[in-house]
Amino acid sequence: MKKYNFRTIESFWQKEWRTEQIHEPNFSRPQKPFRQALQPRAQGRVARGRPFYNLMMFPYPSAEGLHVGNMYAFTGSDIYGRFKRMQGYDVFEPIGLDGFGIHSENYALKTNQHPMKLAEKSEKNFYRQLRMLGNSFAWNETLETYDPEYYKWTQWILTEMFKRGLMYRKKAAVNWCPSCKTVLADEQVLQKSQVSSPKSQKNSKPQIPNSEQDKENIPYSKFHIPNSKVGACERCETPVVKKELEQWFLKITDYAERLLSDLEKIDWSEKVKIAQRNWIGKSEGAEIDFEIRTKEKPNFVLLHGYTGSPKHNFFPWLKKELEKRGYKVQSPTLPHSDASRANENDDMDAFRKQVELNRNTVLLGHSLGTIVAMKALEKLDYPIRKLALVGGFLEPRFRDHARSFTKTFNWRFNFEKIRTNAGKITILHDPNDRAIPYDQGVKLHDALGGELIEPIPKKSHFCGKEEPEILKYALDRLTVFTTRPDTIFGATYMVLAPEHPLVKNLESGILNLERVKDYIRKTKNKSEEERIADGREKTGVELKGIKAINPANGEEIPVWVADYVLNSVGTGAIMAVPAHDERDFEFAKKYKLPIIEVVEPLFVKTDDIDGVRPGLPLKERSAIVAVVKHWSEDKYLCLKWKKTDWRGFIIGGIEEDEDMAEAAAREIREETGYASARFIRNLGGIVHARFYHAVKNENRWARFHGLYFELADGTREKISDEEKQIHDVVWVDRKEVDHFLDWVTDMRLIWHRVSSPDDFPGRNDIHESSRVNKQGVLACSGEFNGMNSGEAKWKITNFVGGKRGNRYRLRDWLISRQRYWGPPIPLIFCENCANKIKEAPRQARGKFTKGEFENPGWIPVPEKDLPVKLPYVKGFRPRGKGQSPLASVKSFYEVNCPRCGSRARGETDVSDTFLDSSWYYFGYLAKENSKFEILNSKFRGRAKQWLPVDMYIGGAEHSVLHLLYTRFITKVFHDWKLINFNEPFKRFRAHGLLIKDGAKMSKSKGNVVNPDFYIKEFGADALRMYLMFLGPFEQGGDFQDRGILGITRFLERVWNLCQKSEIQNPKSKTNSNDKNQNDKNIERALHKTVKKVTEDIENLHYNTAISALMILLNEMEKNSSRLSLLALRSFLKLLAPFAPHITEELWSRFFDPQKLKTPDSQSESGHNSSKKYRSVHKESWPIYDPALTEEDTFKLVVQVNGRVRDTITARKGISQKEAEALARTSENVMRHLDKKAAKKIILVKDRLINFVLQ
RNA sequence: GCCCGGGUGGCGGAAUGGUUUACGCAGAGGACUUAAAAUCCUCGGCCCCUAACAGGGCUUGUGGGUUCGACUCCCACCCCGGGCACCA
């Protein structure tokens, strides 16, 4: 008998598979994408050739070689692919290398090699190792992200993004490691709870020779703050600092909503979907305006329009409204009520005569008045406070009377002067304006900047008698975003982020400007670390002289600047509701700002008989919650309801002629019997409850007031039986009350007023921070009192003139890297073009792309000039100063502008490596003769047939980054009509983490498993199977050295079994008629296993699939003499995805029906018939007969009172009577039955019988 | 703090509300062998009782609940791993 020699077998087949190309899908054969769903358990054979794209996350090839973690992932993916192939799909399973990026570059730095040379080396090594795994990769379609032919398209994506306005440049704070002198990607910043000691930091710094003096070195002590979280460099643990740099961004935020909602459509691991949802972080809320008043008040100048006067339209009303608020208003009459006299000079004269401007002036022009306003500003030599243009224009192109003005006005404006003198600029334009086309508003906005608002006026062109929108925008206002508009009545102050523009706009009105400026300066200089290191103690400064008006109740509230509000979140300003927001609460406590509670907890029972009955009126009742203290111990009187799981204090309604304390004392007596309760104080808290009162047949809305009592002594009366039935009376220790109280009745609020009374000195200062986001009932909220907070949200938003809106946590994707090893960003900066674009008249704008217009001077490299090749640079080491090493390569950045030909400068930053991997699944299909092409029809054809990816397997660490970016790019491609789908991966599964002896593998721990070693020692098949056997694939596993022996034994037993002579030469051909019991058992075991393995692979439960194969092998070995060839063939097929080499060897040697010329060799029609062998991997997957997976006997479990007393083999399908009789034959069972009659007998069919005695 | 996972023998792990511990590793005993390795067979939770057989009790992080019966469902809590974090 030949010994199992995996070394020769594995290398032979790996070579053979490659030369025969058996894992190449047939791209050229015209196929329709498969339509009908393929049942995995379908009967009969499946025609080959339906495409199945089985993708695994491609590795980044560090030269250290393939990590066993890679192998773990790839094997899991490959098993699935092989399984699908045997099920009849044409499987495409490509592999490539994600070789660009910081990981590879760091390794090059560490080992002092050049990344380009290193890439060559690791590519060879990696592919060699990958070939040894025995995966069914399509080796013709490999790709490497650093291949210029590949990154040509990475760059093309950027140029297209740029042209379409999806890419822009702005200043941003990036992570900077002062030790490595380089920018770090966010994912390279570790959130360390504590940075190790300064000494060890220095010692563990990487040995990058310093080419320059490190002037930016920051003293470590400054950052060594124990017990606080600090972002630290992945490599050297140096705390990361933020540095402001000009960076390129991709507008992923434009796709936030789609990225979120399309998650519903895809079959992905739920945890990955959740991670993405959290990352996108949608919050629904409202934008609400707060009017701002300054001590030094603005004065208003209102300029009416053509054929108007200060008595027309909204002017009288607006004047009155403004004066009502104490503002001075000037409203001059302009002499152009007659068209023939309308004339610029006349108007300006009239204006000068009647109006006085100063720095606090708000200049508001309507229609033609806007021209006068702008002209007036042109001539001013100081700035005013604000310019508001309502229904304005800057070209004489409006619908009527255009000709009247073409000549009497000078239509050239000095926009720059206007801009400098205007202060804040607001342009209001009715999108459906019947007098002035909307584009005039847009043009004004283009020319002047500021904000462009599109309100709906009462009458077109703002000709209504009252135009509240104008009033709103004429006044200073602060827009906040809030998710809790229902709490607005509790807003007691406002907070601006230090960077908020309003601070600057209001400067003149701030009385303590120096202090404010000082504070802003300080926070700006603070690094992120310091802000965190402050222990998060909130700081802030009040803007003295500035007040905001709470639109809900008209009250004046203070305005603060504080750095706990971030400019990048929401609108950069908040309304602070300290009673219902922990951060605001903390701040309010520190600065002694008022805290008003406006949401009170509500308990609504809806799911049982106590629930509110719809249709009946809701009657309001006062009720009490009594907290009663023990007479000598620190214990409190509680009730435990018997019929429900409520646990709480004594509650009860207040009868007529009773006050709260009397009612409470009575309830205490009735419910607990204690008679000596003494009323101490009113706790003030209120809990609401809504329920159905069965006796009175009405819905009740009870408002429970918390009252505090102490017992004088233990005097106790008898409790009625009725009360006893309802609840138990318990004394609960002070410390345990919190735990004891249940969440449904929600009495914690009241309890906290007892346990920590200092937090609640009075009715207006009460607060319970854990309640912040809870539903409740509104109080102190005027007409909204009693309303549910959820319901009140949008009603209040409406009431205060707010606007519903969504915000997302997702930020735009920063793709600039000041590094060497990545694709250069293909853009060129041209001074000449910059000027041309800035000066370009509007009509000429069409010549430029959106990106060029929005980023003046930046020109994309034309497609024909792509790729912008990364030059070989000796000094590739990252430099300081926030520049890529390419910035020192003249020949690289000195270029001519592709637009105008003048001298220009190429961008020297490279792009993020996640961009490389965001489209690689296209890349595999786009490769043709070592080039990639995604714009031709050939690719489109393939894409249509093979995309989107059917199954994608990879690590959960990419849940957010890679997977989100790829989805983004796919959606972008879809919008560009390159593809007809908008989700890249139909199905995604995250595999678990492979650990070693209970700990994460890491070089420092020295417990990294080297797959090369194990493959050499035990073979790829054994290692594959062992890895899959460790635990559930989606959960990961623990690699233990000895465990692999079990698999090795298993494979050897398979080998030996197949070689047994009695199997190779069966003595008597058994036909179906004379099957004995053993044959049946084997057959049944086989069918069971087919079912189990098929289902397990589909669900990625490889560990249990393997265990099922082991069980089958045990069974077959016991019956080896009667084993049929068919059974062994099926077994090998089941094993083939897990152990591809040994099964192929055995198959080709003994079982290939072609060779053996057995009757069942006519499997698939004419496939590969000329080949010298038929691979087991192209055989069809075994099918099973459900009927044959069932046993005809079972072990009847006999229980007495739920305890197992015996198991008896029984025929399937026996009746209760039969089972009972059988059970009674057992001595042990009878002993436990003890002559008693069973009260109840429970039979679980074909499984169990339970005698219940008592 | 919030959001995800997870907690079962000596170990990795298995288990549609129905015998907890499948399969494998490690271990013990036996066969083969001069011997060892390999291989094959047998036995494996803990505690009590027993010379042994038989038998009994306990046991899936903790405490409650639902149920004839809970690893599984419900409530509360503890611990471990991962992610996010002043997101308004």
Side-chain angles (χ1 to χ4, degrees), chain A residues 191 229 270-275 277-279 281-283 285 480-484 495 497 531-532 536 538 562-566 568-577 581-584 586-587 645 647 739-744 769-770 773 807-811 956-957 959-960 992-993 995 997-998 1000 1026 1029-1032 1034-1047 1049-1050 1052-1053 1056 1101 1103-1111 1114 1117 1195-1207 1227-1228 1231 1238-1244 1247-1254:
Chain A
Q191 284 300 311
K229 295 229 169 176
E270 201 49 40
K271 60 177 179 178
V272 174
K273 286 193 187 183
I274 290 167
R277 265 181 217 121
N278 291 344
W279 190 265
K282 180 176 182 172
S283 43
V480 301
F481 177 75
T482 176
T483 54
R484 297 295 309 272
V495 186
R531 282 203 204 181
I532 297 165
R536 297 191 177 189
K538 292 180 175 44
D563 65 359
Y564 83 93
V565 171
L566 309 175
S568 54
V569 177
T571 59
I574 59 160
M575 62 175 206
V577 185
D581 183 284
E582 278 174 68
R583 297 153 300 179
D584 298 342
E586 202 187 305
F587 192 80
D645 45 8
R647 295 189 302 271
H739 290 301
F740 178 83
L741 297 175
D742 66 76
W743 280 105
V744 225
S769 63
S770 69
N773 290 312
R807 297 271 158 172
Y808 302 87
R809 203 193 75 109
L810 185 70
R811 291 286 111 88
E957 70 272 17
S959 296
V960 172
L993 204 68
I995 57 172
D997 303 326
K1000 234 183 191 169
Y1026 179 55
F1029 188 57
L1030 290 175
E1034 289 179 85
Q1035 267 173 50
D1038 192 345
F1039 193 100
Q1040 296 176 332
D1041 282 318
R1042 304 213 55 163
I1044 197 169
L1045 290 174
I1047 298 292
R1049 281 177 205 147
F1050 169 79
E1052 268 164 11
R1053 279 162 57 204
N1056 293 338
H1101 296 162
N1103 56 334
T1104 48
I1106 292 172
S1107 112
L1109 289 169
M1110 287 171 166
I1111 294 168
N1114 289 345
E1117 276 178 337
K1195 274 185 181 165
L1196 177 71
V1197 175
V1198 187
Q1199 293 183 337
V1200 179
N1201 272 342
R1203 288 174 188 278
V1204 180
R1205 296 305 176 187
D1206 208 349
T1207 56
E1227 213 177 286
N1228 200 29
R1231 203 151 50 79
K1239 187 176 153 203
K1240 199 168 165 191
I1241 297 169
I1242 287 154
L1243 180 83
V1244 181
R1247 205 176 277 262
L1248 167 144
I1249 184 162
N1250 186 10
F1251 295 86
V1252 184
L1253 293 184
Q1254 336 130 355

Chi angles and distances behind the side chain to side chain donor-acceptor pair (under 3.5 Å) call for A/Asn1114, A/Arg1053 = CA-CA 9 Å; A/Asn1114 289 345; A/Arg1053 279 162 57 204; 2.4 Å; yes
remark   = Writing each nucleotide of RNA chain B 5' to 3' as (, ), [, ], | or . by Watson-Crick or G-U pairing under 3.5 Å yields (((((((..(((.....[....))).(((((.......))))).((((......))))..(((((..]....))))))))))))....
request  = Using heavy atoms to find the nearest nucleotide of RNA chain B for A/Ile1106 and A/Val1244 separately, return the residue whose nucleotide is more 5′.
outcome  = A/Val1244
ask   = Which value, in whole Å, describes the distance between the P atoms of nucleotides B/rC80 and B/rA22?
value = 30 Å
Assigned glycosidic conformation for B/rG61 [threshold 90° from 0] = anti
query = Is there a side-chain contact between A/Arg811 and A/Trp279 (heavy atoms, below 4.5 Å)?
reply = no
task = With RNA chain B as reference, determine whether A/Gly570 or A/Ala1108 sits nearer its 5' end, using the nearest nucleotide of each.
result = A/Ala1108
inquiry  = Is the phosphate of B/rA88 approached by A/Ser283 (side-chain N or O, under 4.0 Å from OP1 or OP2)?
reply    = yes
query = Can you find a donor-acceptor pair, distance only, under 3.5 Å between A/Lys538 side chain and B/rC86 base?
reply = yes
query = Does some side-chain heavy atom of A/Leu1196 sit less than 4.5 Å from a side-chain heavy atom of A/Ile1249?
reply = yes
task = Find out whether A/Gln1035 and A/Leu1030 are in side-chain contact, i.e. whether some heavy atom of one side chain is under 4.5 Å from a heavy atom of the other.
result = no
ask   = Can you check B/rG17 for me, syn or anti if syn means within 90° of 0?
value = anti
message = Would the distance check show the side chain of A/Asn1056 and the main-chain N or O of A/Glu1052 forming a donor-acceptor pair, the cut-off being under 3.5 Å?
response = yes
note = From CD1 of A/Ile1111 across to P of B/rC23 the rounded distance in Å is 6 Å
request  = Would you indicate whether the side-chain heavy atoms of A/Leu1248 and A/Gln1199 approach each other to under 4.5 Å?
outcome  = yes
note = The reported gap from OG1 in A/Thr482 to CD1 in A/Ile574 (rounded to nearest 0.5 angstrom) is 8.5 Å
Spacing of the C1' atoms in B/rC46 and B/rU8 (rounded, Å) = 14 Å
query = A/Lys271 NZ to B/rC3 C1': how many Å, rounded?
reply = 13 Å
ask   = So what does A/Leu1248 hit on the nucleic acid, given a heavy-atom distance under 4.0 Å: a base, only sugar-phosphate, or nothing?
value = base
task = For the residue pair A/Val272 and A/Ile274, establish whether any side-chain heavy-atom pair is separated by less than 4.5 Å.
result = no
key: B/rG18 phosphate, OP1 or OP2, under 4.0 Å from A/Asn1250 side-chain N/O   = no
ask   = Which listed nucleotide (B/rC84, B/rG6, B/rC3) is nearest to the side chain of A/Arg809?
value = B/rC84
inquiry  = Suppose you measure atom C1' in B/rA31 against the same atom in B/rU19; what distance do you get, rounded to whole Å?
reply    = 32 Å
query = When you compare B/rG24 with B/rA15, how far apart are their P atoms, in angstrom units rounded to a whole number?
reply = 16 Å
Are any protein N/O atoms closer than 3.5 Å to N/O atoms in nucleotides 57-61 of chain B? If there are, list each pair with its distance.
| residue | atom | partner | partner atom | Å |
| --- | --- | --- | --- | --- |
| B/rG57 | OP2 | A/Arg1205 | NH1 | 3.3 |
| B/rC58 | OP2 | A/Arg1203 | NH1 | 2.8 |
| B/rC58 | OP2 | A/Arg1203 | NH2 | 3.3 |

task = Rounded off to whole Å, could you give me the CG-to-P distance for the A/Leu1045 and B/rC23 pair?
result = 19 Å
message = Between B/rC43 and B/rG18, how many Å separate the two P atoms, rounded to a whole number?
response = 27 Å
task = Give the rounded distance in Å between these two atoms: NZ of A/Lys1240 and C1' of B/rC68.
result = 5 Å
inquiry  = Taking B/rC71 as the reference, what is the distance to B/rG17 when you measure between their P atoms (whole Å, please)?
reply    = 13 Å
request  = Could you tell me the separation between the NE2 atom of A/His1101 and the P atom of B/rU16, rounded to a whole number of Å?
outcome  = 10 Å
ask   = In whole angstroms, how far is the P atom of B/rC25 from the CG atom of A/Leu1030?
value = 13 Å
ask   = If you check the A/Arg583 side chain, which of B/rG55, B/rA88, B/rA14 turns out closest?
value = B/rA88
Set out, line by line, the N/O atom pairs under 3.5 Å between protein and nucleotides 37-40 of chain B.
| residue | atom | partner | partner atom | Å |
| --- | --- | --- | --- | --- |
| B/rU39 | OP1 | A/Arg1049 | NE | 3.3 |

inquiry  = Counting only side-chain heavy atoms from C-beta out, which of B/rC23, B/rG6, B/rC3 sits nearest to A/Met1110?
reply    = B/rC23
N or O in side chain of A/Asn1114 less than 4.0 angstrom from B/rG24 OP1/OP2 = yes
remark   = side chain to side chain contact (heavy atoms under 4.5 Å, CB included) filter on A/Asn1228, not counting sequence neighbours, yields A/Arg1205, A/Ser1226, A/Arg1231, A/His1232
inquiry  = Could you check whether A/Arg583 makes a cation-pi contact with A/Tyr564, meaning its NZ or CZ is under 6.0 Å from the centre of the six-membered ring and within 45° of the ring axis?
reply    = no
key: Donor-acceptor pair under 3.5 Å, A/Gln1199 side chain vs B/rG18 base   = yes
ask   = Base, sugar-phosphate alone, or nothing: which one does A/Ile1242 contact when heavy atoms must sit under 4.0 Å apart?
value = base
ask   = Hey, does A/Ile1242 have a side-chain heavy atom less than 4.5 Å from the side chain of A/Val1252?
value = yes
message = So A/Met575 and A/Asp584, do their side chains get closer than 4.5 Å, heavy atoms only?
response = no
query = So what does A/Val1204 hit on the nucleic acid, given a heavy-atom distance under 4.0 Å: a base, only sugar-phosphate, or nothing?
reply = sugar-phosphate
Polar pairs (N or O, both sides) under 3.5 Å between protein and nucleotides 44-47 of chain B?
none

ask   = Any side-chain heavy atom of A/Met1110 within less than 4.5 Å of one from A/Phe1029?
value = yes
Closest listed nucleotide, where the reference is the side chain of A/Arg1247 and the choices are B/rC87, B/rG6, B/rG18 = B/rG18
request  = May I ask you to say what A/Asn1228 touches in the nucleic acid, namely base, sugar-phosphate or nothing, with a heavy-atom cut-off under 4.0 Å?
outcome  = sugar-phosphate
key: Contact under 4.0 Å: A/Arg277 side-chain N or O vs B/rC3 OP1/OP2   = no
request  = For nucleotides B/rG57 and B/rC3, find the distance between their C1' atoms and express it as a whole number of Å.
outcome  = 42 Å
Any N/O pairs under 3.5 Å between the protein and nucleotides 7-11 of chain B? List them or say none.
| residue | atom | partner | partner atom | Å |
| --- | --- | --- | --- | --- |
| B/rC11 | O2' | A/Gln1040 | NE2 | 2.5 |

task = Round to a whole Å and report the spacing from CG of A/Asp584 to C1' of B/rA88.
result = 8 Å
query = Short question: side chain of A/Tyr1026, backbone of A/Phe1039 - any donor-acceptor pair under 3.5 Å?
reply = no
inquiry  = Run the salt bridge (Lys or Arg N to Asp or Glu O under 4.0 Å) test on A/Lys271 and A/Glu1034 for me, step by step, so that the C-alpha distance in whole Å, both residues' side-chain angles and the decisive distance to 0.1 Å come before the verdict.
reply    = CA-CA 11 Å; A/Lys271 60 177 179 178; A/Glu1034 289 179 85; over 6 Å; no
message = Heavy atoms from C-beta onward define the side chain here; which of B/rC68, B/rA14, B/rA88 lies closest to that of A/Leu566?
response = B/rA88
remark   = Atom CH2 of A/Trp279 and atom P of B/rC84 are separated, to the nearest Å, by 6 Å
message = Give me the distance, rounded to whole Å, that separates B/rG55 from B/rU50 when you measure between the C1' atoms they each carry.
response = 9 Å
